[in-house]
Amino acid sequence: MTRKHKIPVGEGEEISAVHHEAETEKWIFFCHGFGSNKEGSYETRCKQASEAGFNAVRFDFRGNGESDGKFIEQTLSSRIKDLKSVIEHFSPSKYALFGSSFGGKTVIHSLTDLEPEAVFLKAPVLFNDTMQEYEEIVREKGSFTHHGEKTIDMKFVRDFQEYSFHEAKENINCPLHIFHGGSDTTVEFEKTAEASKKLENDLQVMKFENEKHSFSENAEQKMMDNILTRLSKLL
């Protein structure tokens, strides 16, 4: 069973979330990427998680999908606030977090305040220089538009520069699992390999050879099987 929620995040705005219900106290929350939304693969992931006995929640960050706000107004800080608001709304006793691409960066920097039992990341943006091309265009032209309608400006860039992986890694106090395509040209696997050398926590990195930023159906299923198997032991 699924249930839609409108979750207030302040300033009169709400974000749209979908809860795939299960009769347990085990939860996983899914965070989409930079210009994505909670539909498509996130619906599939949540269905699988729910069928496996986990309450699964997918939601749109402000400026995306069915949530309030304009994309140009969102920042990494606002996304972190959105995620924290979703967790607070459902108030789970034990939960895990999943973040894809820029959603991975959102998850990592939310760990200052959140305490999940596990974190799962798919092709995560960890180092700030992954967004360097976008930043350079914004500094030169004042804005940058991605996917034809997703525009960022200096507000986004200034906020983004307030965050660093070096500081964020100190707040990772749970098992961390990273899934990354070996042929990813959007967020290169080498970034994950570099970051893994700097992490001292319980870490698992799975490299999917010949997979790009968007996984094939086969790789996607292998990732979800791995996540659900590990969740069953952790939650």
Side-chain angles (χ1 to χ4, degrees), residues 9 11 13 15 30-42 58-84 97-112 119-169 171-172 178-196 198-199 208 211-215:
V9 289
E11 302 172 355
E13 294 183 320
I15 54 178
F30 289 85
C31 299
H32 68 74
F34 185 67
S36 185
N37 57 51
K38 67 181 183 307
E39 308 304 329
S41 60
Y42 292 92
R58 54 190 170 95
F59 66 97
D60 293 319
F61 290 107
R62 272 176 286 176
N64 296 272
E66 297 177 315
S67 291
D68 292 340
K70 298 178 180 179
F71 190 87
I72 197 170
E73 296 170 346
Q74 57 83 48
T75 61
L76 178 53
S77 290
S78 74
R79 290 185 180 225
I80 292 170
K81 182 179 180 181
D82 292 349
L83 173 56
K84 289 161 61 176
L97 297 175
F98 174 96
S100 178
S101 195
F102 199 79
K105 191 164 187 65
T106 304
V107 167
I108 287 295
H109 289 284
S110 74
L111 298 181
T112 303
V119 166
F120 300 92
L121 305 178
K122 175 181 175 289
V125 174
L126 297 174
F127 297 115
N128 286 18
D129 61 5
T130 302
M131 304 285 287
Q132 185 174 349
E133 181 181 355
Y134 296 179
E135 179 184 339
E136 290 176 351
I137 295 173
V138 170
R139 292 188 182 279
E140 178 185 352
K141 299 184 177 181
S143 66
F144 170 74
T145 300
H146 185 61
H147 290 318
E149 58 178 343
K150 310 290 186 178
T151 300
I152 59 173
D153 57 14
M154 280 303 300
K155 176 184 176 182
F156 179 92
V157 170
R158 284 192 292 267
D159 178 85
F160 186 73
Q161 292 302 324
E162 293 296 315
Y163 296 89
S164 75
F165 176 73
H166 176 74
E167 295 178 359
K169 68 183 180 66
N171 295 310
I172 304 174
I178 303 177
F179 309 91
H180 210 137
S183 298
D184 191 338
T185 57
T186 302
V187 181
E188 296 177 347
F189 173 78
E190 285 70 25
K191 297 295 184 182
T192 284
E194 181 182 350
S196 67
K198 303 177 185 297
L199 294 168
F208 292 83
E211 291 291 334
K212 299 181 180 180
H213 198 59
S214 294
F215 279 4

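This structure is a prediction, so every number in the text was calculated from the model and none was measured. Atom set for the values below is all heavy atoms of this structure, side chains included, hydrogens, waters and symmetry mates excluded.
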Quiz item: For L83 and C31, what are the C-alpha separation, side-chain angles and deciding distance, and is it a side-chain contact (heavy atoms from CB on, under 4.5 Å)?
Solution: CA-CA 8 Å; L83 173 56; C31 299; 3.7 Å; yes
Taking the side chain as everything from C-beta on, heavy atoms only, tell me whether [X] gets closer than 4.5 Å to [Y].
X: F189; Y: F208; value: no
X: E13; Y: E73; value: yes
X: E188; Y: H180; value: no
X: M131; Y: F102; value: yes
X: Y42; Y: S100; value: yes

Quiz item: Parallel under 30°, tilted from 30 to 60°, perpendicular over 60°: which one fits the rings of F144 and Y134?
Solution: parallel
Quiz item: How are the rings of F156 and F160 set to each other: parallel, tilted or perpendicular (split at 30° and 60°)?
Solution: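 Plane angle under 30°, so parallel.
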Quiz item: Less than 4.0 Å between a side-chain N and a carboxylate O, is that true for E39 and R58?
Solution: yes
Quiz item: Sub-3.5 Å donor-acceptor pair from the side chain of D82 to the main-chain atoms of R62, do we have one?
Solution: yes
Practice problem: Can you sort out the partners of T151 under side chain to side chain contact (heavy atoms under 4.5 Å, CB included), two or more places apart, ordered by chain and number? | Solution: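 In terms of side chain to side chain contact (heavy atoms under 4.5 Å, CB included), with neighbours along the sequence ignored, T151 is linked to I72, S143, T145.
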Exercise. Could you pull out all residues at least two apart from I172 that satisfy side chain to side chain contact (heavy atoms under 4.5 Å, CB included)?
Key: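 So I172 forms a side chain to side chain contact (heavy atoms under 4.5 Å, CB included) with I108, L111, K169, L176, L199, N201.
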Quiz prompt | ring-ring contact (aromatic ring centres under 6.0 Å, His included) partners for H109, two or more places apart | solution = Y163
Self-check item: Considering all heavy atoms, the nearest A123-D184 contact
Solution: CB-OD2, 3.5 Å
Exercise. Would you please indicate yes or no on a ring centroid separation below 6.0 angstrom for F30 and F98?
Key: yes
Quiz item: Do the numbers put K198 on top of the ring of F165, so that NZ or CZ is under 6.0 Å from the six-membered ring centre and no more than 45° off the axis?
Solution: no
Practice problem: Evaluate side-chain contact (heavy atoms from CB on, under 4.5 Å) for I15 paired with D60, printing each intermediate quantity in order. | Solution: CA-CA 6 Å; I15 54 178; D60 293 319; 5.9 Å; no
Practice problem: Would you please test K191 and V125 for side-chain contact (heavy atoms from CB on, under 4.5 Å) and show each step? | Solution: CA-CA 8 Å; K191 297 295 184 182; V125 174; over 6 Å; no
Quiz item: Does one side chain, of K105 or N128, offer a donor that lies under 3.5 Å from an acceptor on the other?
Solution: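 There is such a pair between these side chains.
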